[in-house]
Student: 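Before I ask anything, here is the structure I am working with.
For the numbers below, each heavy atom of this structure counts, side chains included, while hydrogens, waters and symmetry mates do not. Sequence positions, counted from 1, serve as the residue numbers for this chain. As the structure is a computational prediction, the values presented were derived from the model and not from experiment.
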Amino acid sequence: QVQLVESGGGLVQAGGSLRLSCAASGDMFGNSTVGWYRQAPGKQRELAAYETSGSTIHYLNAVQGRFTISRDNVKKMVFLEMNSLNPEDTAVYFCYLRRVDGEYWGQGTQVTVSS
């Protein structure tokens, strides 16, 4: 079984930065795709960034150039460095992991960007 626990959310002013962290438990972390989804109020969940086991990285167009995803396979951690935040980035951010037996989600961490 996999458990994902996010941390690092909070309130920040526009133009500021936050770093989200996700601690994973379970096996096969290094062979998994990891990422971050986000869900803004009244909107569908969207994939902000992901990184495959082969280090292929993809970003949502809206965050390209501002967000950076990274992973530590030894510590089983996933990170999302978010810079130049704007109010449109306000959302609950969910850590995500996909491996051969399924998909897993964290409980989410709130990010609020004030104008």
Student: What's the separation between atom OG in Ser114 and atom CG in Asn86, rounded to the nearest 0.5 Å?
Tutor: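 Spacing of OG (Ser114) from CG (Asn86) equals 11.5 Å.
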Student: Between Trp105 and Tyr96, is the gap from one ring center to the other below 6.0 Å?
Tutor: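 Yes, the ring of Trp105 comes within the 6.0 Å limit of the ring of Tyr96, centre to centre.
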Student: Using 0.5 Å steps for rounding, measure from the CG atom of Asn31 to the OG atom of Ser53.
Tutor: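 Output value for this atom pair is 6.0 Å.
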Student: Could you give the distance from OG (Ser32) to CG (Asp101), rounded to the nearest 0.5 Å?
Tutor: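 Interatomic distance, Ser32 OG to Asp101 CG, rounded to 0.5 Å: 8.0 Å.
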Student: Show, in sequence, the C-alpha distance, side-chain angles and deciding distance for Thr90 and Glu88, and conclude whether the side-chain hydrogen bond (donor to acceptor under 3.5 Å, both in side chains) test is met.
Tutor: CA-CA 5 Å; Thr90 294; Glu88 289 70 40; over 6 Å; no
Student: Indicate yes or no for a side-chain donor-acceptor contact from Arg71 to the backbone of Thr33 under 3.5 Å, with no hydrogens or angles considered.
Tutor: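 Pair absent, no side-chain N/O of Arg71 close to backbone of Thr33.
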Student: For Gln107 and Phe94, which heavy atoms make the closest approach, and how far apart are they?
Tutor: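 That closest heavy-atom pairing would be O-CE2, 3.5 Å.
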Student: Looking at Glu6 and Cys22, would you say the former's side chain and the latter's main chain have a donor-acceptor pair under 3.5 Å?
Tutor: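 Absent.
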Student: Let me confirm one number: the OH-NE2 distance from Tyr50 to His58, rounded to the nearest 0.5 Å.
Tutor: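 The distance works out to 5.5 Å.
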Student: Starting from Tyr104, can I reach Val78 by hopping between I/L/V/M/F/W/Y residues whose side chains sit under 4.5 Å apart?
Tutor: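 As far as the 4.5 Å side-chain criterion goes, Tyr104 and Val78 are connected within one cluster.
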Student: Between Ile57 and Tyr93, is there shared hydrophobic-cluster membership here, with clusters defined by ILVMFWY side-chain heavy atoms closer than 4.5 Å?
Tutor: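 Shared cluster, yes.
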Student: Nearest 0.5 Å please: distance from the CG atom of Leu80 over to the CD atom of Glu51.
Tutor: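 Interatomic distance, Leu80 CG to Glu51 CD, rounded to 0.5 Å: 11.5 Å.
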Student: Under a 4.5 Å cut-off applied to non-hydrogen side-chain atoms, are Phe79 and Val34 in contact?
Tutor: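 No, every pair of side-chain atoms sits at 4.5 Å or beyond.
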Student: How close do Asn83 and Ser17 get, counting heavy atoms only, and between which atoms?
Tutor: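 It is OD1-OG, 2.8 Å.
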Student: Please give me the minimum heavy-atom distance between Ala14 and Ser115, naming the atom from each residue.
Tutor: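 Shortest heavy-atom contact: CB-CA, 4.3 Å.
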Student: Taking atom CD of Gln3 as the centre, report whether more than 12 heavy atoms of other residues, nucleotides or ligands fall under 6.0 Å from it.
Tutor: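 Result for CD/Gln3: open.
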Student: Would you mind checking if Arg99 and Asp27 are paired as a salt bridge, meaning a charged N to carboxylate O distance below 4.0 Å?
Tutor: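 Between Arg99 and Asp27 there is no salt bridge, as every charged N stays at least 4.0 Å from the carboxylate O atoms.
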Student: Quick one: does NZ or CZ of Arg66 land under 6.0 Å from the six-membered ring centre of Tyr59, within 45 degrees of the ring axis?
Tutor: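 So Arg66 doesn't make the cation-pi contact.
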Student: Specify the closest pair of heavy atoms between Trp36 and Ile69, including all atoms of both residues, with the distance to one decimal.
Tutor: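 Taking Trp36 first and Ile69 second, the nearest heavy atoms are CD1-CD1, 3.9 Å.
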Student: Among the clusters formed by ILVMFWY side chains lying less than 4.5 Å apart, do Val63 and Val113 turn up in the same one?
Tutor: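 The answer is yes; both residues are in one hydrophobic cluster.
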Student: By the definition side-chain contact (heavy atoms from CB on, under 4.5 Å), identify the one residue from Leu97, Val100, Val2 that meets it with Met28.
Tutor: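 So the option named by the test is Val100.
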Student: Nearest 0.5 Å, what's the CD-CD distance between Gln44 and Gln39?
Tutor: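 The distance works out to 8.5 Å.
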Student: Does any N or O in the side chain of Lys76 come within less than 3.5 Å of the main-chain N or O of Phe29, such that one atom is a donor and the other an acceptor?
Tutor: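 Pair absent, no side-chain N/O of Lys76 close to backbone of Phe29.
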Student: Looking at every heavy atom in both Gly8 and Leu18, which two are closest together, and how far apart are they?
Tutor: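 Answer, listing the atom of Gly8 first, then Leu18: O-CD2, 3.8 Å.
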Student: What residue among Val111, Asp89, Val92 forms side-chain contact (heavy atoms from CB on, under 4.5 Å) with Arg38?
Tutor: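 By the side-chain contact (heavy atoms from CB on, under 4.5 Å) criterion, Arg38 pairs with just one of Val111, Asp89, Val92: Asp89.
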Student: Using every non-hydrogen atom in the two residues, find where Met77 and Ser21 come nearest and quote the distance to one decimal.
Tutor: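 Taking Met77 first and Ser21 second, the nearest heavy atoms are CE-CB, 4.0 Å.
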Student: Would you check if Leu20 and Met82 make a side-chain contact, meaning some heavy-atom pair closer than 4.5 Å?
Tutor: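 Yes. Closest side-chain heavy atoms under 4.5 Å.
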